[in-house]
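A quick write-up on the structure given underneath.
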2 protein chains.
Amino acid sequence: MPRDADRAPTEADYLAAYDAEAFERPSVAVDVALISASEGALRVLLVERSEHPQRGRWALPGGFVAPNESLDEAAERVLAVKARLTGVFLEQLYTFGDPTRDPRTRVISVAYYALVDAATWDRAARDTEKLRVARLVVPWEGETGGPVEARDPDDRPLALAFDHEQILGMAVRRLRGKLDYAPIGFQLLPPQFTLRRLQDVHETILGRPLNKDSFRRRMLASGNLEATGEREECVGHRPAERYRIARRSAV
Amino acid sequence: MPRDADRAPTEADYLAAYDAEAFERPSVAVDVALISASEGALRVLLVERSEHPQRGRWALPGGFVAPNESLDEAAERVLAVKARLTGVFLEQLYTFGDPTRDPRTRVISVAYYALVDAATWDRAARDTEKLRVARLVVPWEGETGGPVEARDPDDRPLALAFDHEQILGMAVRRLRGKLDYAPIGFQLLPPQFTLRRLQDVHETILGRPLNKDSFRRRMLASGNLEATGEREECVGHRPAERYRIARRSAV
DNA sequence: ATACATATATGTTACTTGCATCTAAGGAGT
DNA sequence: ACTCCTTAGATGCAAGTAACATATATGTAT
């Protein structure tokens, strides 16, 4: 694992490591994967790079961290500026700091992922210039961290800039891992939703079908759901009850 | 959630956010929580700060990220320089970037956690000057992210520097969360260990007793363990079989 | 040799999960 | 109005997994 394992660290290393001023400071950016689920696939908002470097490639919306804002605030700002979204589920994912990940200069990127329902996502994608829809093609064996492909609405593969494919792969894995024990599926749905829609979301994220009954039982037993008493309308069959996130649910 | 939710972002914000050169760049550091488990408690290595700021307080060993090293490499270097350890389990935890977390200047800290067996940890704590043992007192309800207390060998509470208490809290939560589905318990044990020792480790991390039989079954069924054929010696009772991490185990 | 302490095996019960079946409730076509 | 179709939602059962209790094995200490 450690590359320097053989070389015994010297006192000079120690000093060098601690003298912050001696180092050229890196830029720190946040990149946000705005994710939604619709029509059986995960979708993520990408922006086409019009400038060097990686011109023409697709990138996650991002921005440099301003001196007086926290990382969370920077991610919120990026989301507000680029996708006109505020108040959505937003969580830190991982920090990518390979020295060569940006050819210009050292840029350390703190990656975030945000979850919104499909309608919000569509609105964000429509309203915003320079942003384009991308569908994430998540490989079956993606559980293990295989590469995640992004495709445009015409199903053509998109070349992602920097290490953003890696970021998306980690976002998908994080979603899959948290789905079982954290109430995040709701975040991809509007405030009220039927159990079927929730199951669709879970199946999309996991990439495999789930048993309807045990899914229902598990969700209702979790205590995170609350029946609204309202029902779907004009659906051509028995209307399903609508649920919402229970107030006591730990988000 | 978003603090700037009310203020509509302007084009100036957008440009400002993207013009990296206009920003004073932050320092980026790594802080490493070197964790082990012994005598029923988690232990972490801390260094007493002899300089301003936070002089006299206890901090996680850390260092600034050098221009040509990745974040992982920086964490490995910190571990090698400060604890004389290489080749141990090391994983990124979270990145802390509150603008005021360091009173000197903006320092963004990428926190890591490392896991070693008790003997290695003791050796690291003994060999290294300026490093002191600390016992983590993990509250019962720590699952929810309650504060984590650190105490010295005489059980006196230690005042931690910066936001390092928060980092430790997140490390404990991460350990607890991963314990069920990732083979990390082994990392706190020597290469060979009995099932009882492994259970001790799990109970220490989770802070609650586990059922012996189902723990055995679960561990053996996971396929991550491999019997060595060797047994404990001079233990005053029936010696337990020793196990090791199975070769096919995904670490 | 015997007592003792712990490891390991066996068995019993409660709970969870997957699968199958059945009924409920709407719309659409006749 | 009636029947058909589709999906919602409830119920029952079998298989698998969990905790818990008990019994047996196997070493050291006396």
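The sequence lines fix the lettering, A, B, ..., with proteins before strands; numbering per chain opens at 1. What you are looking at is a predicted structure, and each value in this text was computed from that prediction instead of being measured. All heavy atoms count here, side chains included; hydrogens, waters and symmetry mates do not.
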> Would a 4.5 Å heavy-atom cut-off, applied to side chains only, mark A:F193 and A:D117 as touching?
Replying inline: no
>> Expressed as a whole number of angstroms, how long is the span from A:E230:CD to D:dA8:C1'?
In response: 17 Å
> Would a distance-only check, ignoring hydrogens and angles, find a side-chain to backbone donor-acceptor pair under 3.5 Å from A:H164 to A:L60?
Replying inline: yes
> Roughly, in whole Å, what's the span from CG in A:L210 to P in C:dT16?
Replying inline: 18 Å
> Ignoring hydrogens and geometry, is there a side-chain-to-backbone donor-acceptor pair from A:R176 to A:I205 under 3.5 Å?
Replying inline: yes
>> Measure CZ/A:F193 against P/D:dA8 and give the value in whole Å, please.
In response: 15 Å
>> Any heavy-atom pair between the side chains of A:L90 and A:D72 that's under 4.5 Å?
In response: no
> Expressed in angstrom and rounded to an integer, what is the separation of A:N211 atom CG from D:dA15 atom P?
Replying inline: 16 Å
> How about A:L79 and A:V88: do any of their side-chain heavy atoms sit closer than 4.5 Å?
Replying inline: yes
> C:dA7 C1' sits how many Å from B:F215 CZ, rounded?
Replying inline: 15 Å
Kindly give the atom pairs (protein nitrogen or oxygen, nucleotide nitrogen or oxygen) under 3.5 Å for nucleotides 9-12 of chain D.
{"unit_1": "D:dG9", "atom_1": "OP1", "unit_2": "A:E241", "atom_2": "N", "d": "2.5"}
{"unit_1": "D:dG9", "atom_1": "OP2", "unit_2": "A:R216", "atom_2": "NH1", "d": "3.2"}
{"unit_1": "D:dG9", "atom_1": "O5'", "unit_2": "A:R216", "atom_2": "NH2", "d": "3.4"}
{"unit_1": "D:dG9", "atom_1": "N7", "unit_2": "A:K212", "atom_2": "NZ", "d": "3.2"}
{"unit_1": "D:dA10", "atom_1": "N6", "unit_2": "A:D213", "atom_2": "OD1", "d": "3.2"}

>> Run the ring pair (Phe, Tyr, Trp, His ring centres under 6.0 Å) test against A:F96 and tell me which residues pass, sequence neighbours left out.
In response: A:Y94
